[in-house]
Number of protein chains: 2
Amino acid sequence: MGRTAGRDPEQTRAALLDAASRLVRERGISATLDDVARRAGVSKGGLLYHFASKHELLLALATDWLERFRVAVLAAVPPDDDAPGRLVRAYVRVSIDGALDAAATRDALVVIAHLSTVDAVTELARADAQRWQEDLRADGLPEDVLSLVLAAADGVSAQPVWGMEPAPEELTRLREHLLALTVVDR
Amino acid sequence: MGRTAGRDPEQTRAALLDAASRLVRERGISATLDDVARRAGVSKGGLLYHFASKHELLLALATDWLERFRVAVLAAVPPDDDAPGRLVRAYVRVSIDGALDAAATRDALVVIAHLSTVDAVTELARADAQRWQEDLRADGLPEDVLSLVLAAADGVSAQPVWGMEPAPEELTRLREHLLALTVVDR
DNA sequence: ACAACTGTACCGTCCAGCCGGTACAGTTTC
DNA sequence: GAAACTGTACCGGCTGGACGGTACAGTTGT
């Protein structure tokens, strides 16, 4: 018993969030605190030390994802690109490459959908979506192109939720197509 | 007690599915059998008479939606349209008009996402998606157009899940844009 | 000395599934 | 034609187990 040899509390927190993430996407919101703790290699007491309640854990989970996505998109803006649509292009790349690699973003939506029963999370997502809309609108693309490209990018993220799994090659082609659409104009 | 005067059992079943649908989208998969029964104006025993377990109820729910969507799309194919892309156009119309009217399809995705914790439902959705892919591929559109238009339509259905609510006017414009894309070629 | 835990024990509540009834509509038997 | 029986469509109380949260005493790294 006691602190696990030289473990950073931040690491523990991250391990808890990661375990929670995977469990929520497997079992939905009915994932158990016990399970989350066990998978993270932490006791239930330890979990409740970091997150005072299940509600708080789920909220942290959602916050974490939204922020990761935002950071990923901002990081995907090439420094030498200052043409209109640079942010939209980064958004497209992260959305589709997230769908390409089997891991992260693909399932994030499932989790957010699961969490949508938690009111606070719904509100969080709504606020975040609004912010995206403003940021992307300020990116200088004509509205028609913007809504088309955005819908398509979001569609790719969403399709796996209802069992649609486009071939990687098809996704690559679609990505290039979308990127091209954001450049046609000047 | 006993049979409520002249009530059709099919009506009861439908009422149960409807109640379940609305409750699942409000509270997620943790919606209670008691709640579902109460909202449908039936006792818990009555519910379990129609659906032997919660699992069976959820499965029936998913089946019901997938079929409704398919029927809606098939009904949206204009009889006088036999140009390539007729099915895709119907798919687009149903997807976007479903998002336009605040009621049905918009939330269906949330529900499916909730139900995705039920393995049988995941499998069901996967099989259905595959069938769509075949049907739509057989519709005679070039692959590039197909995947773009499909992704965009699916994106519109999905966006409300994470709090994005495009303006109705924007959706109408997007719909026309997508429909036009399916006609450009011949 | 304090932060970061572990482990155990426990409480209260919620809920799925079960079960013993009940009410009626047909159907059969005499 | 009426009593006896049968199947369908429910009602509602109960129970056992799971789960969130509490409490707290002990342990260990820094």
Side-chain angles (χ1 to χ4, degrees), chain A residues 1-62 111 114-115 117-121, chain B residues 1-62 111 114-115 117-121:
Chain A
M1 312 140 202
R3 172 191 293 207
T4 312
R7 177 101 150 271
D8 180 2
E10 272 309 312
Q11 256 179 22
T12 305
R13 207 189 122 100
L16 282 167
L17 283 177
D18 183 62
S21 149
R22 279 184 291 155
L23 273 166
V24 166
R25 88 162 161 261
E26 284 168 28
R27 298 214 235 302
I29 208 177
S30 37
T32 305
L33 291 187
D34 271 307
D35 287 344
V36 172
R38 200 172 310 129
R39 186 168 298 192
V42 172
S43 74
K44 190 179 175 180
L47 190 163
L48 287 164
Y49 177 80
H50 284 283
F51 305 97
S53 69
K54 187 172 186 178
H55 185 266
E56 225 172 78
L57 173 66
L58 295 177
L59 204 59
L61 198 54
V111 188
H114 280 137
L115 297 183
T117 31
V118 183
D119 275 357
V121 172
Chain B
M1 315 143 199
R3 174 190 294 211
T4 313
R7 175 100 151 275
D8 181 3
E10 273 309 312
Q11 255 179 22
T12 306
R13 207 190 120 99
L16 282 167
L17 283 177
D18 183 62
S21 148
R22 277 183 292 155
L23 272 167
V24 167
R25 88 161 161 261
E26 284 169 26
R27 298 213 234 303
I29 209 177
S30 39
T32 304
L33 291 187
D34 267 309
D35 287 343
V36 172
R38 200 173 309 130
R39 186 169 297 194
V42 172
S43 74
K44 193 177 180 178
L47 189 163
L48 287 166
Y49 176 79
H50 285 282
F51 305 96
S53 68
K54 188 173 187 178
H55 184 266
E56 226 172 78
L57 173 67
L58 295 177
L59 203 59
L61 199 56
V111 189
H114 280 138
L115 296 183
T117 31
V118 183
D119 274 357
V121 172

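Sequence lines set the chain letters: A, B, ... in the order given, protein chains first and strands last, and positions in each chain run from 1.
Within 4.0 Å (heavy atoms only), A:S30 reaches no atom of the nucleic acid at all. Using a 4.0 Å heavy-atom distance criterion, B:A31 is classed as a sugar-phosphate-only contact.
No hydrogens or angles were tested; on distance alone, a donor-acceptor pair under 3.5 Å links the side chain of B:K44 to the base of C:dG17.
Of all nucleotides listed (D:dT22, D:dC10, C:dG17), D:dT22 comes nearest to the side chain of A:L48. Here the nucleotide nearest the side chain of B:V42, chosen from D:dC10, C:dC15, C:dG7, is D:dC10. Taking every side-chain heavy atom of B:Y49 into account, D:dA9 is the closest of D:dA9, D:dG12, D:dG21. Residue A:T12 has its side chain nearest to C:dC5 when only C:dC5, D:dG21, D:dC11 are considered. Closest contact between the side chain of B:L33 and the listed nucleotides C:dG7, C:dA16, D:dC10 involves C:dA16.
Counting only heavy atoms from C-beta outward, the side chains of B:T117 and A:H114 approach each other to under 4.5 Å. Looking at heavy atoms from C-beta onward, A:L61 lies out of side-chain contact with A:V121 at the 4.5 angstrom threshold.
Between A:S43 and C:dC5 there is no side-chain N or O to OP1 or OP2 distance below 4.0 Å.
As rounded to whole Å, 14 Å separates atom C1' of C:dA4 from atom CD of A:Q11. Distance, B:D35 CG to C:dC15 P: 7 Å, rounded to whole Å. If you measure from atom CD of B:E10 to atom C1' of D:dT8, you get 13 Å, rounded to the nearest angstrom. When rounded to the nearest whole Å, the span between CD1 of A:I29 and P of D:dC19 equals 14 Å. To the nearest angstrom, P of D:dG7 lies 18 Å from NE2 of B:H50. Across the protein-nucleic acid pair, A:F51 atom CZ and C:dA4 atom P stand 13 Å apart, rounded to whole Å. Rounding to whole angstrom units, CZ of residue B:R38 and C1' of D:dC11 are separated by 14 Å. The nearest whole Å value for the distance from the CG atom in B:D34 to the C1' atom in D:dC14 is 12 Å.
A distance of 11.0 Å separates CG of A:L23 from CG of A:L16, quoted to the nearest 0.5 Å.
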* **Evaluation steps, side chain to side chain contact (heavy atoms under 4.5 Å, CB included), between B:L17 and B:F51** => CA-CA 10 Å; B:L17 283 177; B:F51 305 96; 4.0 Å; yes

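Taking the charged nitrogens against the carboxylate oxygens, B:R39 and B:D35 have no contact shorter than 4.0 Å, which rules out a salt bridge.
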